[in-house]
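All remarks here apply to the structure that follows.
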Amino acid sequence: MLHFELVTPERLVRSEDVYMVTVPGTEGDFGVLEGHAPLMSTIRDGVLLVHKTAGATPEAITIRGGFAEVNASGLTVLAEQAV
Amino acid sequence: MASLKALKIRIGSVKSTQKITKAMKMVAAAKLRRAQEAAMAGRPYAERLEAVMASLASKVTVSENSPKLLAGTGKDQVHLLVVATSERGLAGAFNTNIVRAARKKAEELEAQGKTVRFYLAGKKGRVLRRFYPTSVIADHELGQHKTLAFAQAREVADDLIARFERGEFDVAHLFFARFQSALVQIPTGQQIIPVAVPAGAVSTANDGGAAVEYEPDEEAILAELLPRNVAIQIFRAMQENAASEQGSRMTAMDNATRNAGDMIKRLSIQYNRARQAAITTELVEIISGAEAL
């Protein structure tokens, strides 16, 4: 499972283990699965899709401004706003 | 000696003051908890952003064409002091301490021949106008919000960055009160522009052996991160301030309540003595009157 964290300046919105997350990067959307290569990318305003399990209907979270970081411990999305 | 009636009125008025300070103390205590929770909730973001900033800054070399927010304007003449205070008073020495810290820094800088400008965030910083009537370049009111929104900090940060780009100042310092406990708030000043990169904090977070891929590239990410970092620092200062303000108010109102209690006790003794004296005088008059017969 992929450890996924969504943080805004106001609070820690999500911290959970999921199957896959699709992130709206500045240079295009990218999906992050477990074991993804280390990556840092800025994000554009858009919809973040969280797939809890393979094949499940994704949950959509609208985010604004920020960046995403993938490292050995998982995916961290720092967004200015998340709804 | 005050008359019995005057004493009675005085006791009544102190009692109602005590009621108010007691209520304010309890409200501050409740708000303090919320403000503290908010400050705690904001910590993960700030910590991660700091780690990312450090790892990025260590990869990018500062040169003439790096973003101004990182490299500075190349000058060190005009200093801007951003003074974050609260919107309301009656919080002990909270605002006074912040303003005092800012004034101290201003005097230091002026002694070095620098130009000092002020940027006020919060109504209670306005006392600075009295000392530096011409140096206050902006007066930003925070408004009466129940909880601090990041958007408020963003507004201040955007304004600051725009002024920086126009060359209105070279260095910016931020003044606020760091929250330690309900009893202790430390007035703090820190440099926010140009961004002080944590020296020696070459991050180990990403050095898992694998090379990190940057999208678009280090410089572009850093350029986007820098203004965000300013906003975050201001937001954190506001959060710390909010908690400090309530803590300071709670302590101040607790003291006021206790003082009022002491005062009531003292006045009551005075009142009872005066009453007893009046009774004694009356008795003496009656007895001496009876003896004279």
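Proteins get letters first, then strands, A, B, ... in listed order; numbering begins at 1 in each.
Within the 4.5 angstrom heavy-atom criterion, atoms from both the backbone and the side chain of A:Glu80 approach chain B. Neither the backbone nor the side chain of B:Arg43 has a heavy atom closer than 4.5 Å to any heavy atom of chain A. When heavy atoms are compared at a cutoff of 4.5 Å, B:Ala38 approaches chain A solely by way of its backbone atoms N, CA, C and O. Within the 4.5 angstrom heavy-atom criterion, no atom of A:Ala68 approaches chain B. Contact annotation for B:Leu225: only side-chain heavy atoms (C-beta onward) come within less than 4.5 Å of a heavy atom of chain A. The contact between A:Thr8 and chain B is made entirely by backbone atoms, counting heavy-atom distances below 4.5 Å. The contact between A:Thr42 and chain B is made by backbone and side chain atoms together, counting heavy-atom distances below 4.5 Å.
Of the residues considered (A:Glu10, A:Arg11, A:Glu5), A:Glu10 shows the highest number of contacts with chain B, using heavy-atom pairs under 4.5 Å. In terms of non-hydrogen atom pairs under 4.5 Å with chain A, the most contact-rich of B:Arg236, B:Met40, B:Glu213, B:Gln239 is B:Glu213. Ranked by heavy-atom pairs under 4.5 Å with chain B, the first of A:Gly65, A:Ser73, A:Ser41 is A:Ser41.
With respect to A:Glu69 and B:Arg48, no salt bridge is recorded, no charged nitrogen being found less than 4.0 Å from a carboxylate O.
Partners of B:Ala172 by side chain to side chain contact (heavy atoms under 4.5 Å, CB included), not counting sequence neighbours, listed by chain and number: B:Leu80, B:Phe169, B:Ile192, B:Ile193.
Of residues 226-235 of chain B, those residues lying under 4.5 Å from chain A by any heavy-atom pair are B:Arg228, B:Ile232, B:Phe235.
Note: B:Glu47 CD to A:Leu78 CG = 11.5 Å, rounded to the nearest 0.5 Å.
B:Tyr45 places none of its side-chain heavy atoms less than 4.5 Å from the side chain of A:Val13.
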